[in-house]
Amino acid sequence: MGGSTSSCPDFTRNLSLGMQGGDVAQLQLFLAYDRYGKFLEGVNGYFDQATQDAVERYQSGYGIVSGGSPSTTGFGVVGPGTRASINASCARGSYVISVPPITVPATGNNGIVSPTPTPSPVPSPTPTPTPAPTPPPAVSYSTGELTLVSNLTGNNGPTSVGFKVNMLPNTACSAATYTLSFGDGQQQNLIPGGSCSNQIQIITHVYPQTGQYTATLTSGSFSTTLVVNVQGANNSISLSAARDASTARLGHITAKYDPGVTCAAGSYTLTFGDGTSQNLSFDATSCIVKTKIIDHTFPQTVPYLISASDSSGHTVAVQFTPVAP
């Protein structure tokens, strides 16, 4: 066999000591480029002891299995778990599987050489040393996924949107900077910790007004976009608070309710931030905006977070500090 291809190894069977074939040659070349495998022998298509040692180093380095024997734990055997790890690792990197011409004798035992031992290389008058393989260049996080989190949309008002950022590592498994641009002139940098697993962050952003925005996630040369439609809720509430200069610690909380085109009634829990709360209801007798002013005396002259939440968990909030007596 021989030739070159730019794809990952394609293993269709388990590989172990004594086997031979083109897939064994692909395995040896893959392990030569892997930072844990460190297979430095010549690629010959025979699964010998040096190949098994490289497989064991690969399995230990990536936490697949680190002890036992081929028959008990699969240590040193390229079984389903190790094959899946190699496929995933290769897919994240940029391996070029280039197998030199190899002559493999046919066998009738699924590629297992028994009892003939691994043949010794034919001596040459002027042997050419096999150069050590060059490891692939270190590559940081380079890809990702950007989606909306529907159950977070509206938590901080009708123009609040939740983003789910899934950061996918490459061969270096090291930290890198992502930038999430929200499409309204604002952006946020994300720096995941170094890991060989994908990392997820949930980001909440409040847009200045309704409309259509294009959010963009970038990291180096990688970029992906997501169109976000920010629409006013059919039934939404807003809060504001004002101090009463004549009465100590008294606040006037104004709640405005918009029934929207559905003319729906609204029911909220108004929490004052001092451990007390009350119910707040708006009827559906008309489709006009309704306003309620609630007076509340706070126990101290410190900042309080006043919030209104409906039964779906959608919440709006305002910070308020009452005046001293």
Side-chain angles (χ1 to χ4, degrees), residues 5-100 111 118 129-144 166-178 191-200 219-220 222:
T5 176
S6 296
S7 62
C8 296
D10 183 17
F11 301 133
T12 59
R13 58 173 178 163
N14 297 340
L15 301 176
S16 59
L17 187 66
M19 299 182 72
Q20 61 179 345
D23 48 0
V24 176
Q26 288 186 337
L27 171 66
Q28 291 171 329
L29 190 59
F30 173 85
L31 293 173
Y33 279 81
D34 184 79
R35 59 174 178 171
Y36 291 118
K38 297 180 180 178
F39 180 75
L40 301 180
E41 303 296 328
V43 176
N44 55 22
Y46 289 90
F47 199 118
D48 51 15
Q49 187 60 49
T51 305
Q52 179 172 308
D53 294 341
V55 171
E56 292 175 352
R57 289 192 295 271
Y58 178 91
Q59 292 172 322
S60 299
Y62 289 98
I64 302 171
V65 61
S66 58
S69 65
S71 60
T72 58
T73 63
F75 191 43
V77 174
V78 181
T82 304
R83 288 160 56 187
S85 173
I86 290 175
N87 290 337
S89 177
C90 183
R92 291 195 301 268
S94 181
Y95 291 93
V96 177
I97 306 304
S98 179
V99 182
T118 303
T130 302
T134 303
V139 181
S140 298
Y141 288 80
S142 62
T143 60
N166 187 6
M167 291 162 283
L168 307 174
N170 211 305
T171 54
C173 299
S174 59
T177 300
Y178 278 80
I191 304 178
S195 172
C196 287
S197 302
N198 62 318
Q199 298 185 44
I200 296 174
S219 178
F222 166 77

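Counting begins at 1 with the first residue of the sequence.
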*Asks:* Tell me the closest heavy-atom pair linking Phe11 and Asp23, and the distance in Å.
*Replies:*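 For Phe11 and Asp23, the tightest heavy-atom pair comes out as CE2-O, 3.3 Å.
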*Asks:* Give me the atom names and distance for the closest heavy-atom approach of Arg13 to Gln20.
*Replies:*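 For Arg13 and Gln20, the tightest heavy-atom pair comes out as NH2-O, 2.8 Å.
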*Asks:* Minimum heavy-atom separation for Pro70 and Gln52, please, with both atom names.
*Replies:*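 Shortest heavy-atom separation between Pro70 and Gln52 comes out as CG-NE2, 4.2 Å.
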*Asks:* Got a donor-acceptor contact below 3.5 angstrom from the Gln59 side chain to the Val77 backbone?
*Replies:*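 Flag set: sc Gln59 to bb Val77 pair under 3.5 Å.
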*Asks:* Step by step, would you call Leu27 with Ile86 a side-chain contact (heavy atoms from CB on, under 4.5 Å)?
*Replies:* CA-CA 9 Å; Leu27 171 66; Ile86 290 175; 4.0 Å; yes
*Asks:* Can you name the nearest heavy-atom pair linking Ala54 to Leu31, along with the distance?
*Replies:*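 Shortest heavy-atom contact: CB-CD1, 3.8 Å.
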*Asks:* For Ser85 and Tyr58, does a side-chain donor sit closer than 3.5 Å to a side-chain acceptor?
*Replies:*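 Yes, a side-chain donor-acceptor pair sits under 3.5 Å.
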*Asks:* Using the test side chain to side chain donor-acceptor pair (under 3.5 Å), find all partners of Thr73 that sit at least two apart in sequence or belong to another chain.
*Replies:*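 Per chain and number, Thr73 pairs via side chain to side chain donor-acceptor pair (under 3.5 Å) with no residue.
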*Asks:* Report the distance from atom OH of Tyr178 to atom CZ of Phe222, rounding to the nearest 0.5 Å.
*Replies:*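 Between atom OH of Tyr178 and atom CZ of Phe222 there are 6.0 Å.
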*Asks:* List for me each residue that meets side-chain contact (heavy atoms from CB on, under 4.5 Å) alongside Asn14, sequence neighbours excluded, and say none if there are none.
*Replies:*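 Asn14: side-chain contact (heavy atoms from CB on, under 4.5 Å) contacts with Pro80, Arg83.
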*Asks:* So which heavy atom on Thr177 is nearest to which on Ser219, and how close?
*Replies:*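 That closest heavy-atom pairing would be O-OG, 3.3 Å.
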*Asks:* Give the minimum heavy-atom separation between Tyr62 and Ser89, together with the two atoms involved.
*Replies:*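 It is OH-OG, 4.2 Å.
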*Asks:* Tell me every residue that passes side-chain contact (heavy atoms from CB on, under 4.5 Å) with Ser69, counting only those two or more places apart in sequence or in another chain.
*Replies:*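 Ser71, Thr72.
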*Asks:* By side chain to side chain donor-acceptor pair (under 3.5 Å), which residues pair with Thr12, not counting sequence neighbours?
*Replies:*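 Scan of Thr12 (side chain to side chain donor-acceptor pair (under 3.5 Å), adjacent residues dropped) gives none.
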*Asks:* Of all residues at least two apart in sequence or in a different chain, which pass the side-chain contact (heavy atoms from CB on, under 4.5 Å) check with Ser60?
*Replies:*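 Residues passing side-chain contact (heavy atoms from CB on, under 4.5 Å) with Ser60: Ser66, Phe75.
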*Asks:* Check whether any side-chain heavy atom of Glu56 sits under 4.5 Å from a side-chain heavy atom of Asp53, and report yes or no.
*Replies:*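 Of all side-chain heavy-atom pairs linking Asp53 with Glu56, at least one is under 4.5 Å.
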*Asks:* By side chain to side chain donor-acceptor pair (under 3.5 Å), which residues pair with Thr51, not counting sequence neighbours?
*Replies:*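 For Thr51, the residues satisfying side chain to side chain donor-acceptor pair (under 3.5 Å) (neighbours in sequence not counted) are Gln28, Asp48.
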